[in-house]
Amino acid sequence: MTRSKRRRSAITAAVSTLAVIGAAVALLLGTNAIGSGAGGDLTRVSNHGRPVNPGPLQRKEMENVEATSVALLAARDNRSFYRLSRDDGNVCYAINSSTEPDHIGNTVCPLTPTSFPTPSTPVLDLSVFESTSHTPGDFHVVAAQGFAADGVASVELVDGKGHLIARRWNADNVYALDVPPGRVATGVVAYDADGAEVFRVP
Amino acid sequence: MSAVHRHLLLLLLAALIVAVSASAAAMPGSASAAWCWPSCSTFGYLGPGTSTYNGCWKSSGEVCSGWNTWTSNGINKACYPICDIGNYTHARVHYGFENAERIRGFYTDIAQTVYAYPFQLGMGGYLRAQVSWAAYDDSRTSYTSWLHAGAV
């Protein structure tokens, strides 16, 4: 084999290897895209966010749940949505709804990494409910917010009769809904892409 | 005391500080809590008849702290009476804070650790940290929770 033929063979092999790697990456990305699209599954949160260098108060709040790193999933509707990681492999989720950026906010740490999301718990809801009466069960929504699996298409605020007050489409695996002035919301309901109810609070 | 002994003593002190700090971090909301329920090292049953008898929002089915300017309220809700898929316990609670005007917080029926901060709930000043039994309003049976609560 001449030197030029050997060089051509080497280039062909390199290009083939790159093509195989590229196809594998495309396949992986494609799989994720399917999972996060309409009709996607209720057992996956595709958005892992971007790493954040926490501030001093954020570090303190992370210590409460033994989290060692934090990623910002989304910042919208005056809230920051975080995913916290612990050295034991568990994951926590937090929402900072204050105006001060150096906070992680209200935090939930499911018992095991497989606790959320599941078909029976596709939403990790951190909606704020309050009562101003002492009547049992007389609670209303102050604000709806939380984390949703890929297969959750929308989240709605509903009134006491189940009527729609406001709707937000799931984007980046998070949602936030403020109750419109003059309205009283009593529940938060999540739907899949087919319009089937998949989760409800309370 | 020789320089070597002084050095060893300093190392021992440093190791002790690290050990104490590590054990405190491993028990969030317990060892350093100003209010704990039922105690700072135990879990308790929270059901419709549970009360701390100290003037909570609900006279029964709720445990609450005394009045204070609380920084956070942490709950450790265990797998009780059962953990289904997703650690669903069939036992729901509402946890957060309360004052004379309102009780405010989050619902959960999942076995998990949670932290609530009053300013994140739009509350401040003198408050009570609270956890209350929250019965389902559909056909599901509402079971008692097994949990530990602590506020600082």
Side-chain angles (χ1 to χ4, degrees), chain A residues 42-43 57 60-67 79 86 90 92-100 103-112 114-140 142-143 145-146 186-188 200-202, chain B residues 21-22 24-29 32 48 57-61 71-79 83-89 92 94-98 100-123 132-138 150 152:
Chain A
L42 297 173
T43 61
L57 293 176
K60 199 171 169 59
E61 291 173 12
M62 286 168 67
E63 283 171 11
N64 282 338
V65 293
E66 299 171 53
R79 296 165 178 86
R86 304 200 309 201
N90 280 325
C92 305
Y93 294 87
I95 302 174
N96 178 19
S97 51
S98 76
T99 52
E100 299 167 37
H103 286 289
I104 294 295
N106 296 313
T107 308
V108 293
C109 301
L111 208 59
T112 58
T114 54
S115 298
F116 167 78
T118 67
S120 57
T121 310
V123 167
L124 204 55
D125 187 72
L126 272 170
S127 297
V128 180
F129 284 81
E130 79 161 13
S131 178
T132 52
S133 78
H134 290 267
T135 308
D138 181 25
F139 276 77
H140 60 267
V142 177
Q145 53 193 11
T186 58
V188 180
R200 174 181 287 267
V201 187
Chain B
S21 305
M27 292 188 289
S32 59
W57 188 268
K58 293 198 294 183
S59 58
S60 186
T71 302
S72 66
N73 186 13
I75 315 293
N76 187 344
K77 182 170 158 49
C79 267
C83 260
D84 273 351
I85 296 169
N87 291 324
Y88 167 54
T89 62
R92 191 170 63 181
H94 180 268
Y95 65 93
F97 296 90
E98 64 190 44
E101 285 77 41
R102 66 194 74 247
I103 180 170
R104 190 176 272 192
F106 310 99
Y107 285 109
T108 186
D109 51 16
I110 306 297
Q112 57 187 0
T113 306
V114 299
Y115 270 83
Y117 299 89
F119 67 95
Q120 297 277 359
L121 288 164
M123 299 180 84
S132 40
W133 183 69
Y136 295 112
D137 49 13
D138 53 26
V152 289

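All chains are named by letter (A, B, ...) in the order of the sequence lines, taking the proteins before the strands, and each is independently numbered beginning at 1.
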Where on A/S120 is there a heavy atom nearer than 4.5 Å to chain B: the side chain, the backbone, both, or neither?
side chain
Applying a strict 4.5 Å limit to non-hydrogen atoms, the region of B/Y95 in contact with chain A is side chain
For B/I110, is it the side chain, the backbone, both, or neither that has a heavy atom closer than 4.5 Å to a heavy atom of chain A?
side chain
Between A/F129 and chain B, with a heavy-atom cut-off of 4.5 Å, which part of the residue counts as in contact: side chain, backbone, both or neither?
both
Can you tell me which of A/G137, A/S131, A/S127 forms the most heavy-atom pairs within a distance under 4.5 Å of chain B?
A/S131
For A/T132, which atoms come within 4.5 Å of any heavy atom of chain B: side chain, backbone, both, or neither?
both
Identify which part of A/I95 has an atom lying under 4.5 Å from any heavy atom of chain B, answering side chain, backbone, both or neither.
backbone
What distance do B/T108 atom OG1 and A/L126 atom CG have between them, rounded to the nearest 0.5 Å?
8.5 Å
Sequence neighbours excluded, every pair satisfying salt bridge (charged side-chain N to carboxylate O under 4.0 Å, His left out) that has a member inside residues 120-135 of chain A
A/E130-B/R102, A/E130-B/R104
The interface call for A/S133 against chain B, heavy-atom contacts under 4.5 Å, is backbone
Derivation and outcome, side-chain contact (heavy atoms from CB on, under 4.5 Å), residues A/R200 and B/D138:
CA-CA 11 Å; A/R200 174 181 287 267; B/D138 53 26; over 6 Å; no
Counting only non-hydrogen atoms closer than 4.5 Å, does A/S115 touch chain B with its backbone (N, CA, C, O), its side chain (CB onward), both, or neither?
both
Side chain, backbone, both or neither: which part of A/N90 has an atom under 4.5 Å from a heavy atom of chain B?
neither
Does any non-hydrogen side-chain atom of A/C109 lie less than 4.5 Å from one of B/Q112?
no
Distance (rounded to the nearest 0.5 Å) between A/T118 OG1 and B/I85 CD1
7.0 Å
With sequence neighbours excluded, what pairs up with B/R92 under the salt bridge (charged side-chain N to carboxylate O under 4.0 Å, His left out) test?
none
Proximity breakdown for A/V108 and chain B, heavy-atom pairs closer than 4.5 Å
both
Residue selection (most heavy-atom pairs with chain B, distance under 4.5 Å) from A/N106, A/T121, A/V201
A/N106
Among B/G105, B/G122, B/A116, which residue forms the greatest number of heavy-atom pairs with chain A at distances under 4.5 Å?
B/G105
Between A/E61 and chain B, with a heavy-atom cut-off of 4.5 Å, which part of the residue counts as in contact: side chain, backbone, both or neither?
both
From B/I103 CD1 over to A/F139 CZ, what is the distance, rounded to the nearest 0.5 angstrom?
5.0 Å
Quick check against the 3.5 Å criterion: does A/H134 have a side-chain atom that pairs as donor or acceptor with the backbone of B/K58?
no
In this structure, CD of A/Q145 is separated from CZ of B/F106 (nearest 0.5 Å) by 6.0 Å
Among A/P202, A/P136, A/A94, who wins on heavy-atom pairs under 4.5 Å with chain B?
A/P202
Honestly, the part of A/V128 sitting under 4.5 Å from a heavy atom of chain B is both
B/Q120 backbone acceptor or donor facing A/H103 side chain under 3.5 Å
no
Rounded distance [0.5 Å steps], NZ in A/K60 versus OG1 in B/T71:
8.5 Å
Among A/I104, A/V142, A/N96, who wins on heavy-atom pairs under 4.5 Å with chain B?
A/N96
Test side-chain contact (heavy atoms from CB on, under 4.5 Å) on A/N64 and B/Y117; report intermediate values, then the result.
CA-CA 12 Å; A/N64 282 338; B/Y117 299 89; 2.9 Å; yes
